[in-house]
Amino acid sequence: EGIYPEKRRAEIESIVSEDLRRNARFLWQLLGVAAQHSFHVSLQEAGLKRRLGGKWVSDKFYFALRAQNGLAVAVVSNAAVSLRLNEAPQRGSRRSRVCRWRSRAKTAPLSNTFGWRTAP
């Protein structure tokens with residue numbers, strides 16, 4: 001599946017590291033799934049644009065993307081949202097990945113989290 005908008009596709013394809021390029025491509029596709037599932041819009045309909053500081057934004061929803069240690073996460077919301085991935089201790093010596101997101105909404109926001117494990 002193609003990456004939209006074209007400017008974002010060009011940014012992703014210019015990433016030198018194959019692993020980082022693959023992660024960026026996958027995160028953007030995960031955002032497309034989240035947008036379609038939660039707001040019933042494709043990335044082409046999402047009004048995506050790049051701000052002066054480099055952050056991509058949509059005029060249909062707020063979103064946050066993160067990839068770390070084989071885990072990719074997209075959060076979409078109707079209010080500004082931030083996302084953090086942590087490793088938290090589990091029973092014994094095992095560690096578990098924990099996803100935490102925070103919305104700035106004063107009332108309960110419509111937010112959905114989509115995650116995917118990309119590597120063992």
Side-chain angles (χ1 to χ4, degrees):
E1 187 173 313
I3 301 294
Y4 182 86
E6 174 60 28
K7 190 174 190 176
R8 180 62 180 144
R9 188 200 64 73
E11 285 177 353
I12 290 171
E13 295 311 316
S14 71
I15 297 171
V16 176
S17 165
E18 176 60 35
D19 287 341
L20 293 177
R21 187 171 52 251
R22 185 175 39 246
N23 283 345
R25 195 179 300 126
F26 184 79
L27 270 175
W28 207 253
Q29 290 169 340
L30 187 60
L31 174 62
V33 171
Q36 186 65 48
H37 178 80
S38 301
F39 291 93
H40 308 289
V41 295
S42 69
L43 290 185
Q44 289 85 350
E45 302 165 318
L48 292 163
K49 61 184 175 189
R50 190 170 176 258
R51 287 190 178 161
L52 235 48
K55 180 177 171 75
W56 283 90
V57 296
S58 166
D59 64 9
K60 304 284 190 236
F61 52 85
Y62 295 89
F63 66 92
L65 306 172
R66 295 286 181 269
Q68 178 179 314
N69 299 328
L71 183 66
V73 178
V75 175
V76 293
S77 179
N78 62 354
V81 66
S82 62
L83 172 63
R84 189 173 70 195
L85 298 179
N86 294 358
E87 288 204 7
Q90 280 279 35
R91 293 181 184 178
S93 62
R94 290 185 162 189
R95 297 183 71 76
S96 172
R97 290 181 182 93
V98 176
C99 169
R100 291 192 177 110
W101 59 266
R102 183 180 319 175
S103 173
R104 296 183 194 131
K106 296 196 186 321
T107 59
L110 166 66
S111 297
N112 284 309
T113 305
F114 292 80
W116 195 262
R117 189 179 177 127
T118 59

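Numbering of residues begins at 1 and proceeds along the displayed sequence. These numbers were taken from a predicted model, which means no experiment stands behind them.
- Residues meeting the side-chain contact (heavy atoms from CB on, under 4.5 Å) test with E45, sequence neighbours left out: V41, S42.
- To the nearest 0.5 Å, the span separating CZ on F26 from CD1 on I3 amounts to 11.0 Å.
- Closest non-hydrogen pair, A35 versus V76, comes out as N-CG1, 4.4 Å.
- With rounding to the nearest 0.5 angstrom, the CG atom of N78 is 8.5 Å from the OH atom of Y62.
- Considering only residues two or more places apart in sequence or on other chains, E18 meets the salt bridge (charged side-chain N to carboxylate O under 4.0 Å, His left out) condition with R21, R22.
- Summarising the hydrophobic clusters (Ile, Leu, Val, Met, Phe, Trp, Tyr; side-chain heavy atoms under 4.5 Å, direct or chained), the residues clustered with L20 are I15.
- Rounded to the nearest 0.5 Å, atoms CZ (R25) and CZ (R9) are 9.5 Å apart.
- Listed by first and then second residue, the salt bridge (Lys or Arg N to Asp or Glu O under 4.0 Å) pairs involving residues 56-81 amount to none (not counting sequence neighbours).
- A perpendicular orientation is assigned to the rings of W28 and F63, their planes being inclined by more than 60° (bins at 30° and 60°).
- Counting heavy atoms from C-beta on, the side chains of L31 and F61 come closer than 4.5 Å.
- Across all their heavy atoms, K7 and W56 have their closest contact at CB-CH2, 4.0 Å.
- In this structure R8 satisfies the salt bridge (charged side-chain N to carboxylate O under 4.0 Å, His left out) test together with E11, sequence neighbours excluded.
- In this structure, CZ in F39 is found 6.0 Å from OG in S77, a value given to the nearest 0.5 Å.
- Every side-chain contact (heavy atoms from CB on, under 4.5 Å) that L27 has, sequence neighbours left out, goes to L65, A67, A72.
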